[in-house]
Protein chains: 2
Amino acid sequence: MSSFGSYVRERRERLKASDATFSVRQLAVRIGVEPSFLSKVERGETPPPSEEKVKALAIELGEDPDVLLALAGKVSSDLQEAIRKRPELFAAVIRELKDVPDQAVLRIVREVRDGKW
Amino acid sequence: MSSFGSYVRERRERLKASDATFSVRQLAVRIGVEPSFLSKVERGETPPPSEEKVKALAIELGEDPDVLLALAGKVSSDLQEAIRKRPELFAAVIRELKDVPDQAVLRIVREVRDGKW
DNA sequence: GACAGCGTGTACTAAGTAGTATACACTACA
DNA sequence: TGTAGTGTATACTACTTAGTACACGCTGTC
């Protein structure tokens, strides 16, 4: 059920069509793992790699690191750290916004950025 | 450096002063671990236990589970799941609110709750 | 027909996670 | 003085994480 692997494979194959350096071997070297390991990851034979490697993979594939981490079942450590620094606050925020539609949440974010609070 | 253990120990000792059932042994049984393990955790000889045990501990000690999890270096799995379901959105929210003072964040959350968005 | 490059199968490992089980020494108390 | 309860030391274990190292067979090409 690991959609992470097939997602990466699909994305990589697409890029490989127009750029031969997106072979398993070469991409693996670029993100700092052994080719056989990336191969196993793509086929879901092994769980997704560490946060660091997933982020490197995201950058190579031109994907959003947070999205790829999510597919890997992870949450970026900088987000976790922000939550751990003010656990009550962020727990409240996240649980409150959990079921609020994207549009509404984005409006809030924009207002914060514009200093309208 | 593990503040988690000493924090738990202090809370437990405080409760034990007026309730003898807050011994290492009895509390350990209530949260579902061996007494020797809780002892080691409190002395920082072993890293904090699993999320499940930390939550049980928080409830027994009358503490906020999210706060105790934060001390354990963890983030509640339900929060992680919420983030993983909409990674771009929540990554934006958290990074945007990271340096915003509590007061302001709380006001925003209240406005959301009151449907002022 | 050799050589480069490809994807993958197999075997292995070092470190971390999350504890259990048992025994020991000490204190209170009846 | 025995026994109930306390905290802890020691030894051990099963599972997971996060990979490496190497070899194999296939394909294209020069």
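Here is the naming used below: chain letters follow the sequence lines, and residue numbers restart at 1 for every chain. Only this structure's heavy atoms are used, side chains among them; waters, hydrogens and symmetry mates stay out. On a predicted model such as this, the values are computed, not experimentally measured, just so you know.
Of the residues in residues 53-68 of chain B, none lies under 4.0 Å from DNA chain D by heavy-atom distance. Shown for residues 11-27 of chain A: no residue has heavy atoms falling under 4.0 angstrom of DNA chain D.
For the pair B:Glu51 and A:Phe37, nearest-nucleotide mapping onto DNA chain C gives the more 5' position to A:Phe37.
Computed from coordinates, the B:Glu34 CD to D:dT8 C1' distance equals 13 Å when rounded to whole Å.
Between B:Arg14 and B:Glu10 there is a salt bridge, since at least one side-chain N of the basic residue sits less than 4.0 Å from a carboxylate O of the acidic one.
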Q | Sequence-aligned protein contact record of nucleotides 9-17 of chain D, with B where the base is within under 4.0 Å of a protein heavy atom and S where only the sugar-phosphate is | A | BBB------
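A:Ser50 meets the side chain to side chain contact (heavy atoms under 4.5 Å, CB included) test with A:Glu52, A:Lys53; sequence neighbours excluded. The salt bridge (charged side-chain N to carboxylate O under 4.0 Å, His left out) check on A:Arg12 picks up A:Glu42, with sequence neighbours excluded. Under the side chain to side chain contact (heavy atoms under 4.5 Å, CB included) criterion, A:Tyr7 pairs with A:Glu63, A:Leu68, A:Leu71, sequence neighbours left out. Under the side chain to side chain contact (heavy atoms under 4.5 Å, CB included) criterion, A:Leu15 pairs with A:Phe22, A:Leu61, sequence neighbours left out. By the salt bridge (charged side-chain N to carboxylate O under 4.0 Å, His left out) test, B:Arg84 is found to be paired with no residue, residues two or more places apart in sequence or in another chain being considered. In this structure B:Ala92 satisfies the side chain to side chain contact (heavy atoms under 4.5 Å, CB included) test with no other residue, sequence neighbours excluded. With sequence neighbours excluded, the residues forming a salt bridge (charged side-chain N to carboxylate O under 4.0 Å, His left out) with B:Lys85 are B:Glu81, listed by chain and number.
For the side chain to side chain donor-acceptor pair (under 3.5 Å) condition, the pairs that include at least one residue of residues 64-74 of chain A, sequence neighbours left out, are A:Asp66-B:Arg95.
A distance-only check finds a donor-acceptor pair linking the side chain of B:Gln80 to the backbone of B:Val75 [under 3.5 Å]. No donor-acceptor pair under 3.5 Å is formed between the side chain of A:Arg113 and the backbone N or O of A:Val109.
Between A:Leu38 atom CG and A:Leu57 atom CG the span is 6.5 Å, to the nearest 0.5 Å.
The side-chain heavy atoms of B:Lys55 and B:Ser76, taken from C-beta on, include a pair separated by under 4.5 Å.
Reading DNA chain C from its 5' end, the first and the last nucleotide to sit under 4.0 Å from a heavy atom of chain B are C:dA18 to C:dT22.
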